[in-house]
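Notes follow once the structure below has been shown.
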Amino acid sequence: MRLCFQTLREDLTNKMSVEAINSMLLEIEKKARAFQEIEQLRYDLVKECCVDNKIENNLESVIDFLAKKNENVALSLSQLVSNLKDLVYEVNLLNELIAFQSTLNDFIYRILSGNSISRQKTYDKSGKDLELNLPSKEWRG
């Protein structure tokens, strides 16, 4: 799934066709649905294990318990957590890229639409509208 997000991010960066991006989004959606089902099974299993063994239902307690009972399962669960952190990182990168692309597209649209970008509507401290006509050659920070 992480590979899908990386591919989508690269496709967006390389300005791939809408069809290619939609295809990748469909693949991500299918994998996300399967992931959600597996996550629900994992949640139910861990909850049942916690109740049966009278341990707290949090990651640290479960990993400690499994490390004593079955080291391989504890290592696998630890690797799962690491993989999920990597996936979250990829999703956040993709979100930032989409936000940047959207802002860039809006900016380009404003430039090409013919409306002056030097006439900006602003507000004073009381919230009253101020119309400022800023000369395009001056910068006011």
Side-chain angles (χ1 to χ4, degrees), residues 1-53 55-141:
M1 196 152 149
R2 183 176 48 163
L3 182 60
C4 289
F5 282 107
Q6 289 172 341
T7 303
L8 179 60
R9 187 178 37 142
E10 290 169 6
D11 287 353
L12 287 172
T13 303
N14 296 329
K15 308 281 187 198
M16 297 298 286
S17 70
V18 173
E19 292 82 15
I21 292 171
N22 285 341
S23 173
M24 185 57 61
L25 287 173
L26 182 62
E27 185 177 342
I28 289 172
E29 183 180 351
K30 288 176 183 176
K31 289 183 178 192
R33 210 173 287 130
F35 178 79
Q36 187 176 18
E37 291 172 7
I38 293 169
E39 173 58 18
Q40 185 61 46
L41 289 172
R42 184 213 54 84
Y43 175 81
D44 293 341
L45 182 64
V46 168
K47 185 177 176 183
E48 183 180 323
C49 178
C50 289
V51 170
D52 290 349
N53 295 293
I55 59 173
E56 291 182 46
N57 190 357
N58 62 47
L59 184 63
E60 187 176 323
S61 298
V62 171
I63 289 179
D64 286 345
F65 172 78
L66 290 174
K68 294 174 187 171
K69 297 291 182 181
N70 188 338
E71 188 175 321
N72 291 333
V73 174
L75 290 173
S76 295
L77 187 59
S78 179
Q79 184 62 44
L80 173 66
V81 170
S82 177
N83 290 344
L84 288 175
K85 286 180 181 179
D86 291 344
L87 182 61
V88 167
Y89 175 75
E90 289 297 329
V91 170
N92 287 338
L93 278 178
L94 183 61
N95 284 335
E96 289 176 15
L97 176 66
I98 290 170
F100 173 78
Q101 189 68 45
S102 178
T103 303
L104 179 62
N105 289 344
D106 290 345
F107 178 70
I108 292 171
Y109 174 76
R110 283 194 320 230
I111 289 174
L112 297 178
S113 69
N115 296 334
S116 172
I117 61 173
S118 63
R119 267 188 88 66
Q120 297 295 322
K121 191 172 197 175
T122 59
Y123 303 92
D124 66 8
K125 290 181 182 177
S126 66
K128 183 178 174 183
D129 291 347
L130 294 175
E131 287 287 335
L132 296 180
N133 188 8
L134 301 175
S136 61
K137 292 184 180 179
E138 289 184 31
W139 170 257
R140 296 181 186 185

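What you see is a predicted model; the values in this text were computed from it and never measured.
- When only modelled atom types and interatomic distance are considered, Glu96 and Asn92 share no side-chain donor-acceptor pair under 3.5 Å.
- Distance check, rounded to the nearest 0.5 Å: CG of Asp64 to CG of Leu59 gives 9.5 Å.
- Judged by distance alone, the side chain of Thr103 and the main-chain N or O of Ala99 form a donor-acceptor pair under 3.5 Å.
- Expressed to the nearest 0.5 Å, how far CG of Asp44 lies from SG of Cys49 amounts to 12.5 Å.
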TODO: Could you walk me through whether Leu84 and Leu80 pass the side chain to side chain contact (heavy atoms under 4.5 Å, CB included) test, one step at a time?
DONE: CA-CA 6 Å; Leu84 288 175; Leu80 173 66; 4.2 Å; yes
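- In terms of modelled atom types and a separation under 3.5 Å, the side chain of Ser76 and the main chain of Asn72 share a donor-acceptor contact.
- The closest side-chain heavy-atom distance from Asn105 to Gln101 is below 4.5 Å.
- Here the closest non-hydrogen pair linking Ala67 and Ala74 is N-CB, 3.6 Å.
- The minimum heavy-atom distance linking Val62 with Ile55 is given by the pair CA-CD1, 4.2 Å.
- One finds the CD1 atom of Ile38 at 13.0 Å from the CG atom of Leu45 (value rounded to the nearest 0.5 Å).
- Leu66 CG to Leu75 CG: the interatomic distance, rounded to the nearest 0.5 Å, is 10.0 Å.
- Here the CG-OG distance, from Asn83 to Ser78, works out to 9.5 Å after rounding to the nearest 0.5 Å.
- Each of Arg42, Gln36, Glu37 was evaluated against Glu39; a single residue qualifies, Arg42, per the side-chain contact (heavy atoms from CB on, under 4.5 Å) test.
- With values rounded to the nearest 0.5 angstrom, Phe65 atom CZ is found 10.0 Å from Asn70 atom CG.
- Open room surrounds CD on Glu56; 12 or fewer heavy atoms of other groups in view lie less than 6.0 Å from it.
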